[in-house]
Amino acid sequence: MDPEIERLLGTVEALVEKDGGPIGKLRGLPTGARWALAAGTITSLVAMVIVLLRRDDFESCPTWYLALMAASYAVPLTVLVGRVLAPLHRLDSLPERGDLVVGAAFCLPFLWALFPASLLSHAAQAVAIKKDCLALGVALGALTIVALRALDRAADTEPRTAAMVAAAGGLVANLALVFHCPQTRLLHLALVHAPIGLVLLFVYRRVTSWRAARAAGALQ
Amino acid sequence: MFRTLASATTLGPNELLGTIDPPESGSRERYGLAHFFHDADRDVTNRRRLDDSRNMLSDEDLMEGYKAGDRAAFAEIFRRYAPLLLRVMQHQLGRREDANDLVQQTFLQLHRSKQDFRRGSLLRPWLLTIAMNLRHRHFRRLGRHPEMPLELDLLEELHTGSRVPDAADAGCDVKALLAGLPAEQREVIILHWIEGLPFNEVAVQVGVSLSAVKVRAHRGYVAIRKLFAQESGVMGARVPPKGRSVGTPQRQ
């Protein structure tokens with residue numbers, strides 16, 4: 001037996017042993033179960049906003065508009081979550097397509113800011129500005145990122161993965177804000193709602209860099 | 001039918017564990033050097049028999065065993081594939097430390113993904129794909145592009161001289177042929193032609209529909225024919241098949 005291989009095996013077995021905690025158990029679940037958990041978490045976050053922090057004009061707001069907005073966020077979100085949680089034993093044959101989805105996810109809220117409900121429907125009226133949109137959005141996005149990180153088996157910090165989870169967090173935040181904030185002003189939507197994904201990306205990158213530096217420092 | 005390591009041998013529980021029976025409390029004095037060597041010899045013999053029985057198990061049996069909680073099966077899988085992965089990774093990455101790290105990560109991912117491993121799947125392409133994806137991520141993290149796709153490098157390792165018989169007959173390098181294909185066609189061709197997987201399994205591996213796999217394979221084989229003809233200069237030479245001709249399929 002090759003001593004180097006045996007030594008490496010010892011290290012791997014130690015890694016596997018260390019992976020036995022709650023996070024390791026989550027990551028060890030079958031892909032379908034991890035996907036269902038992620039979907040459940042996101043649905044719960046949005047449902048919590050609808051139940052507890054619903055917009056004032058929820059009853060009078062056109063249903064088709066809410067449904068259209070929700071669907072437009074849910075579709076790229078589904079693709080992103082699927083890619084983040086994709087098992088590594090499958091080849092990612094079209095990574096460029098994933099990059100397009102990430103780009104679209106960051107741009108979509110800006111696009112919707114140009115078409116507020118007041119433009120699309122006479123029923124929607126501009127109301128007083130909600131002051132908690134940014135904080136609520138960032139909190140929901142951060143929770144989404146934490147959930148995806150916990151369920152992602154590789155969970156590394158390379159730029160593409162970071163962009164995907166941040167974009168997913170931004171989409172969840174904007175999806176929830178559709179049901180929370182009745183504001184239709186372009187400036188509010190473009191400066192507070194839409195950039196949440198980018199804010200999350202910035203913060204996520206800073207946090208992971210800081211953690212990597214700390215881990216490197218601990219090793220030295 | 002899945003066989004556990006235990007059922008694959010005729011050894012009893014103690015023998016499976018390879019333990020030395022402890023002496024009776026009252027006969028410790030009599031448990032001298034001769035007994036020790038006798039028991040140690042028996043232990044070595046048992047271990048050899050156990051190792052031999054593990055060697056007879058297929059990768060897939062071992063993986064099923066590991067799913068059922070047999071850690072020795074994981075060690076056996078590691079011993080079978082770690083040397084190959086280590087060689088290829090070091091060739092690709094240059095640094096031994098990076099190669100060691102990626103091999104460790106590959107097997108950690110194998111452990112985390114074990115519940116996704118389905119009966120009837122093949123372990124080798126499964127494991128190599130994990131390694132390939134981790135290698136891609138490693139290069140992305142460094143902001144570099146791999147100089148050579150891992151699958152081609154693995155091919156070189158898995159198939160001596162990187163030649164498949166029919167192509168070799170005409171003096172054609174398989175690696176060069178495959179390198180001339182778009183990535184999505186190459187992936188399908190490798191799994192179907194080299195690995196010998198049927199199209200439905202290739203579809204599962206790649207994660208696209210069966211018809212999409214067939215289209216990619218058709219285009220890939222047509223392209224290979226052209227490349228092959230160009231390289232060998234022999235029109236009508238035996239080339240990769242419409243369906244398959246090279247590499248006996250492991251399962252249909």
Checklist entry - Salt bridge or not for A/Arg153 and B/Asp116, using N-O below 4.0 Å? => result yes
Item to check | Part of residues 9-23 of chain A lying next to chain B, heavy-atom separation under 4.5 Å | outcome: A/Leu9, A/Thr11, A/Val12, A/Glu13, A/Leu15, A/Val16, A/Glu17, A/Asp19
Next on the checklist: So if I take each residue of residues 69-81 of chain A and look for any heavy atom under 4.5 Å from a heavy atom in chain B, which residues do I end up with?
Outcome noted: none
Next on the checklist: Using heavy-atom distances under 4.5 Å, tell me whether A/Pro159 contacts chain B through its side chain, its backbone, both, or neither.
Outcome noted: side chain
Next on the checklist: For a 4.5 angstrom cut-off between non-hydrogen side-chain atoms, does A/Leu88 reach B/Arg112?
Outcome noted: no
Checklist entry - Quick one: which residues of residues 100-109 of chain B reach chain A at under 4.5 angstrom, heavy atoms only? => result B/Asn100, B/Val103, B/Gln104, B/Phe107, B/Leu108, B/Gln109
Item to check | Minimal non-hydrogen separation, B/Arg137 against A/Ala154, with atom names | outcome: NH1-CB, 3.1 Å
Below 3.5 Å, can you tabulate the donor-acceptor pairs from side chains in residues 166-177 of chain A to any protein atom, sequence neighbours excluded?
| unit_1 | atom_1 | unit_2 | atom_2 | d |
| --- | --- | --- | --- | --- |
| A/Asn174 | ND2 | A/Gly170 | O | 2.9 |
| A/Asn174 | ND2 | A/His193 | O | 3.3 |

Item to check | Residues, nucleotides or ligands: over 12 heavy atoms within 6.0 Å of B/Arg96 CZ | outcome: yes
Checklist entry - About how many Å separate OG1 of B/Thr129 and NE2 of A/His89, when rounded to the nearest 0.5 Å? => result 8.5 Å
Next on the checklist: Please rank B/Leu127, B/Leu86, B/Ile130 by heavy-atom pairs under 4.5 Å with chain A and give me the top one.
Outcome noted: B/Ile130
Checklist outcome for this item: Ranking B/Ala82, B/Ser113, B/Ala75 by heavy-atom pairs under 4.5 Å to chain A gives rank one to B/Ser113
Checklist outcome for this item: Cut-off 4.5 Å, heavy atoms of chain A, and the answer for B/Leu110 is neither
